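Note on naming: letters A, B, ... go to the chains in the order of the sequence lines (proteins, then strands), and numbering restarts at 1 for each one. Quantities reported herein were computed from a predicted structural model and do not represent experimental measurements.
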Protein chains: 2
Amino acid sequence: MTDTLDTLDHIDRKILQLLQQDANLSATELADRVGLSQSPCWRRINRLQQAGYIRRKVALLDRQKLGLGIVVFVNIKLSSHGWNMLNEFEAAIVGFPEVMECWTMSGGMDYIIRVVTKDIESYEQFLRRRLLQLPHIQEAQSHITMTEVKNSTELPLG
Amino acid sequence: MTDTLDTLDHIDRKILQLLQQDANLSATELADRVGLSQSPCWRRINRLQQAGYIRRKVALLDRQKLGLGIVVFVNIKLSSHGWNMLNEFEAAIVGFPEVMECWTMSGGMDYIIRVVTKDIESYEQFLRRRLLQLPHIQEAQSHITMTEVKNSTELPLG
DNA sequence: TGTGAAAAGGCGCAAAC
DNA sequence: GTTTGCGCCTTTTCACA
């Protein structure tokens with residue numbers, strides 16, 4: 001619980017790597033993929049989980065099959081940069097399920113967000129009725145994506 | 001198996017919603033969260049999985065704890081747009097573990113990619129020795145992110 | 001389709017080595 | 001780190017409304 005565990009050997013990394021690809025792998029299966037027996041492997045998994053390296057396990061759904069055809073990147077600039085403005089804006093963004101990502105940027109633009117909706121009409125709805133309703137938005141440039149070449153949750157552990 | 005299943009009722013959606021948040025939920029647990037008993041719930045899960053709504057289950061790791069401090073969006077423009085160029089470029093991108101996302105864009109820029117590395121030096125390495133080694137890159141604008149406000153894998157099923 | 005129960009197997013988990 | 005083992009829970013199925 002108070003385990004610092006600030007150093008990972010190559011077996012730990014391999015375990016994490018495999019779990020990034022398939023969270024259903026049991027301790028038993030993982031064990032022989034990394035060349036270990038169950039118990040020590042199970043212990044490592046637990047340590048990794050309790051130390052917070054593994055945040056959660058989730059199901060990834062098929063966006064197209066669910067009828068979510070539109071993905072848009074939006075560059076946003078706020079007109080006012082007070083601490084309260086930023087916090088309010090970010091809280092609102094986190095609350096929008098259509099916004100899957102939001103990052104603050106160094107340089108010109110303040111934020112980049114990625115929005116997912118069913119179609120162009122519903123994107124327009126989101127934009128006008130949700131996003132642009134937020135105060136202090138100076139600029140919001142929408143960049144519609146066409147094809148998803150890669151969209152991974154695997155962090156590079158090389 | 002040959003089930004088309006092109007219509008999901010609100011229970012299916014709720015199951016998917018819950019699995020998007022926690023892939024470890026058992027059929028039993030899911031059952032009483034959606035107000036059903038185990039068997040029909042289990043059947044729905046199977047249908048959803050076999051119909052491809054659930055693509056995979058993965059572990060999400062802690063980027064910061066793993067020492068991956070740098071996230072950069074790169075806008076890329078190619079100098080030549082032949083079919084072969086695009087395919088070669090995309091194949092290379094998919095092969096780079098540092099690139100977690102890659103989308104083609106409508107409008108000016110051809111691609112946007114999200115790159116994750118350990119630090120600025122390793123990003124520079126990636127840029128010079130990997131990305132800019134690819135042929136036909138006309139322009140690559142790096143936009144370094146500062147803070148991760150939101151980074152979700154949950155598709156909006158509302 | 002949803003309900004209830006029930007078999008079988010695997011897995012988490014821990015103890016001893 | 002290894003091997004062994006117990007008990008639980010999960011998945012999976014079957015008869016029935």
A:Glu29 atom CD is separated from C:dG9 atom C1', nearest whole Å, by 14 Å

D:dT11 base to B:Ser26 side chain: any donor-acceptor pair below 3.5 Å? no

So does B:Arg55 have more than 12 non-hydrogen atoms from other groups sitting under 6.0 Å from CZ? yes

From B:Phe89, B:Phe73, B:Trp103, residue fulfilling ring-ring contact (aromatic ring centres under 6.0 Å, His included) relative to B:Tyr111: B:Phe89

Confirm from the modelled atom types if B:Ser39 and D:dT12 form a donor-acceptor pair under 3.5 Å, side chain to base only. no

Nucleotide nearest B:Arg47 (side chain, heavy atoms from C-beta), chosen from C:dT1, D:dG1, D:dT11: C:dT1

Is the shortest side-chain N/O distance from B:Ser37 to OP1 or OP2 of C:dG2 below 4.0 Å? no

Output the rounded distance in Å from CG (B:Asn46) to C1' (D:dT12). 9 Å

Between CG of B:Leu16 and CD of B:Gln21, what distance do you get to the nearest 0.5 Å? 11.5 Å

In this structure, how many angstroms lie between the P atom of D:dT12 and the CD atom of B:Gln50, rounded? 10 Å

Between B:Ile11 and A:Leu25, which is nearer to the 5' end of DNA chain C once each is assigned its nearest nucleotide? B:Ile11

What is the distance, rounded to the nearest whole Å, between atom CH2 of A:Trp42 and atom P of C:dG12? 9 Å

Heavy-atom count around B:Arg130 CZ within 6.0 Å, excluding the residue itself: above 12? no

Nearest whole angstrom, please: distance from the C1' of D:dT12 to the CZ of B:Arg44. 18 Å

Look at atom CZ of B:Arg33 and say whether more than 12 heavy atoms of other residues, nucleotides or ligands are closer to it than 6.0 Å. no

Provide, to the nearest angstrom, the distance between the CG atom belonging to A:Asn24 and the P atom belonging to D:dC9. 19 Å

Nearest whole angstrom, please: distance from the P of D:dT2 to the CG of A:Asp32. 12 Å

Could you tell me the separation between the CD atom of A:Gln38 and the C1' atom of C:dC11, rounded to a whole number of Å? 10 Å

Judged by each residue's nearest nucleotide on DNA chain D, which is more toward the 5′ side, B:Arg43 or A:Arg43? A:Arg43

